[in-house]
Amino acid sequence: NRTRNTPISQVELEEEIQRLLALLEDETEAFERLCEDAGKKEAIYKAESAKAYLSAEGSIKQREAWADYQTAGIHMDWKIADGLMRAKREKLTSVRTSIDALRTLSANVRTQTAPW
């Protein structure tokens, strides 16, 4: 955090908007990769869970417990991937909000410096 002693200029605002737009693009690409990873891990978990359930014997509860036990590691991998995806989504929201705020500031600065 830096302290400002002078008003922010239109050029500074535009530079920051450009920086955030580049960051948004990078974060969006990273989000895409995280979504793909989470989707693959979810599919693997569901397939392995179903396979474990169908191979188990006993009551429904016993089969479910066995499937949960057999796929705990895969389930954890999926949940971590899902959490990373959600965190990246929050980051994207934050960057978009910052861009919107800077656009508003930029519009305000333009009107304050416009010749009358």
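In this model, a donor atom of one side chain and an acceptor atom of the other lie less than 3.5 Å apart for E14 and Q10.
Between R63 and Y53, the shortest heavy-atom contact is CB-CE1, 3.1 Å. Listed here is the closest heavy atom pair of A52 and W66: O-CD1, 3.6 Å.
Counting only residues at least two apart or in different chains, ring-ring contact (aromatic ring centres under 6.0 Å, His included) contacts with residues 89-111 are absent. Applying the salt bridge (Lys or Arg N to Asp or Glu O under 4.0 Å) test to every pair with at least one member in residues 47-60, sequence neighbours left out, gives these pairs: E48-K51. Contacts classified as salt bridge (Lys or Arg N to Asp or Glu O under 4.0 Å) and involving residues 22-37 (residues at least two apart or in different chains) are given here: E27-K88, E36-K40, D37-K41. For the ring-ring contact (aromatic ring centres under 6.0 Å, His included) condition, no pair includes a residue of residues 84-103, sequence neighbours left out.
With a 6.0 Å radius and a threshold of 12 heavy atoms from other residues, nucleotides or ligands, I60 has its CD1 atom at or below the threshold.
Every salt bridge (charged side-chain N to carboxylate O under 4.0 Å, His left out) that R19 has, sequence neighbours left out, goes to E16.
Atom CE of M85 and atom CD of E42 lie 8.5 Å apart (nearest 0.5 Å).
Each of I44 and L84 belongs to its own hydrophobic cluster when Ile, Leu, Val, Met, Phe, Trp and Tyr are linked at side-chain heavy-atom distances under 4.5 angstrom.
Considering T97, V95, L102 as possible partners of I99, the one that fulfils the side-chain contact (heavy atoms from CB on, under 4.5 Å) test is V95.
Within the 3.5 Å criterion, the main-chain N or O of L24 finds a donor-acceptor partner in the side chain of T28.
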Can you give me every donor-acceptor pair (side chain of residues 70-82, partner residue at least two apart or in another chain, under 3.5 Å) with its distance?
| residue | atom | partner | partner atom | Å |
| --- | --- | --- | --- | --- |
| T71 | OG1 | A67 | O | 2.6 |
| D82 | OD2 | R86 | NE | 2.8 |
| D82 | OD2 | R86 | NH2 | 3.3 |

